[in-house]
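Here the structure is a predicted model, which means the values were calculated and not measured. Quick note on labels: first sequence line is chain A, next is B, and so on, each numbered from 1.
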There are 2 protein chains.
Amino acid sequence: MVPRTDPLSREVVDLIATVVARYHEEYEDAAAKHALTGAQAKVLTLLAREPLPMRRIAQQLRCEPSNITGIVDRLEARGLAERRPDPDDRRVKLAAATEEGHRTAVRLGESLDFAREPLASLSTRERTVLRDLLRRMLGG
Amino acid sequence: MVPRTDPLSREVVDLIATVVARYHEEYEDAAAKHALTGAQAKVLTLLAREPLPMRRIAQQLRCEPSNITGIVDRLEARGLAERRPDPDDRRVKLAAATEEGHRTAVRLGESLDFAREPLASLSTRERTVLRDLLRRMLGG
DNA sequence: TATTGTTATACTCTATAACTATA
DNA sequence: TATAGTTATAGAGTATAACAATA
């Protein structure tokens, strides 16, 4: 058991907090470049992978299903997403990215340089060590 | 230059994304335990360190100063913060944590077990390696 | 004139509860 | 009855623009 006042642990936690802050900033900036909010960008990224029932989107975003209605509404109004019927269950609506939605999702991903830039300073060996430490930290 | 499709880099990025998500969840949960929103908790934590002009709070949160008015209003309504005049500049209002605000900030910090738990799996040696890698990643 | 904080406004996200159409 | 999605509502965070007090 490591006390929170342990200087080393405290510094690691501070560094993680910095990573978290920078990650969020970059994500919001990348989304804003495409006139998307963070939530809209997250949903569009999900839909670009595969069409999803509204409820599944809510589970991924850890929010109430009622919120997804508005987010998909706004994506749909911009021609980035559409609702399709589910052939197996007429209660379900499958939200899916349109062609333009897919293109936007790709460009959004390219904007997310958080991946490339900070990791570029690390060698393959170091990235491997970092991966293993993060895995263990996350209880993987 | 590391391509984003490099499997190792991709996995590290995914792990970081997981850390970010978990950090946020824990932070929101800890704040909610004290009936605070994330933004209110952030501001209260800042004010518990030292009184700050409204504008400085906005800079720390990277948002517009006008938003801070409402957040401090809500903290003030709950007796956790107060506005004081700045003796040096009568335009400035210094937001400060009240005694109860300080107590709440301390308990909030204790709730943030994100520090202890995941790091507990790592030895001192490993924490040191993690610290150095994060430092270099962040360009320190 | 410039700066600090506030107000007014509009938009988005969020949770809760009630509603509809299906199952 | 139960489930999927929606609507209605209210609260909070956000940016923008205009404002009063002070520098």
Side-chain angles (χ1 to χ4, degrees), chain A residues 21 24-47 51-78 80-96 108, chain B residues 21 24-25 27-47 51-78 80-96:
Chain A
H24 255 90
E25 244 179 278
E26 290 214 20
Y27 196 90
E28 293 288 328
D29 287 355
K33 258 180 217 157
H34 301 279
L36 295 168
T37 65
Q40 287 164 12
K42 279 184 208 158
V43 170
L44 183 57
T45 301
L46 285 175
L47 300 188
L52 287 174
M54 304 296 279
R55 222 162 189 90
R56 292 284 307 282
I57 303 173
Q59 286 164 356
Q60 298 268 359
L61 263 68
R62 296 180 198 280
C63 73
E64 294 301 314
S66 60
N67 301 321
I68 305 303
T69 299
I71 297 174
V72 171
D73 278 353
R74 277 157 227 134
L75 289 175
E76 200 163 21
R78 290 193 35 204
L80 301 175
E82 63 184 10
R83 286 167 165 96
R84 301 174 187 162
D86 182 331
D88 299 339
D89 187 336
R90 285 194 300 169
R91 293 173 303 179
V92 173
K93 286 176 190 167
L94 294 172
L108 182 66
Chain B
H24 255 91
E25 245 178 278
Y27 196 91
E28 293 289 328
D29 288 354
K33 256 180 217 157
H34 302 278
L36 295 169
T37 65
Q40 287 165 12
K42 278 182 207 159
V43 170
L44 182 58
T45 301
L46 285 175
L47 301 186
L52 287 174
M54 304 296 280
R55 222 162 189 88
R56 292 284 308 281
I57 303 174
Q59 286 163 356
Q60 298 267 1
L61 262 70
R62 296 179 197 281
C63 72
E64 293 301 314
S66 60
N67 301 322
I68 305 302
T69 300
I71 297 173
V72 171
D73 279 353
R74 278 158 226 134
L75 290 175
E76 201 164 20
R78 289 193 36 202
L80 302 175
E82 63 185 8
R83 286 167 165 94
R84 301 173 186 162
D86 182 333
D88 299 340
D89 186 337
R90 285 196 297 169
R91 292 173 305 181
V92 172
K93 286 177 191 167
L94 294 171

List the steps and the verdict of side chain to side chain contact (heavy atoms under 4.5 Å, CB included) for B:K42 and B:I71.
CA-CA 10 Å; B:K42 278 182 207 159; B:I71 297 173; over 6 Å; no
Take the protein atom [atom1] of [X] and the nucleotide atom [atom2] of [N], then report the distance between them rounded to whole Å.
X     : N      : atom1 : atom2 : value
A:E76 : D:dT6  : CD    : C1'   : 13 Å
B:N67 : C:dC11 : CG    : C1'   : 12 Å
B:E64 : C:dC11 : CD    : P     : 18 Å
B:R56 : C:dT3  : CZ    : C1'   : 15 Å
B:M54 : D:dT22 : CE    : C1'   : 17 Å
B:D86 : C:dT3  : CG    : P     : 17 Å
A:R55 : D:dT6  : CZ    : C1'   : 11 Å

Distance check: side-chain N/O of B:K93 vs OP1/OP2 of C:dT6, anything under 4.0 Å?
yes
What is the nucleic acid contact for [X], judged by heavy atoms within less than 4.0 Å: base, sugar-phosphate only, or nothing?
X     : value
B:R83 : sugar-phosphate
A:T69 : base
A:I68 : nothing

Considering the terminal five base pairs at each end of the helix from C:dT1-D:dA23 to C:dA23-D:dT1, what angle separates the two local helix axes, rounded to 10°?
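Result, rounded to 10 degrees: 10°.
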Polar side-chain atom of B:R84 near backbone of B:P51 as donor-acceptor pair, under 3.5 Å
no
What does nucleotides 18-23 of chain C look like as a protein-contact string, B for base, S for sugar-phosphate only, - for none, at under 4.0 angstrom between heavy atoms?
----BS
B:R56 CZ: over 12 foreign heavy atoms closer than 6.0 Å:
no
Would you kindly check whether a donor in the side chain of B:S66 faces an acceptor in the base of D:dT16, or vice versa, at under 3.5 angstrom?
yes
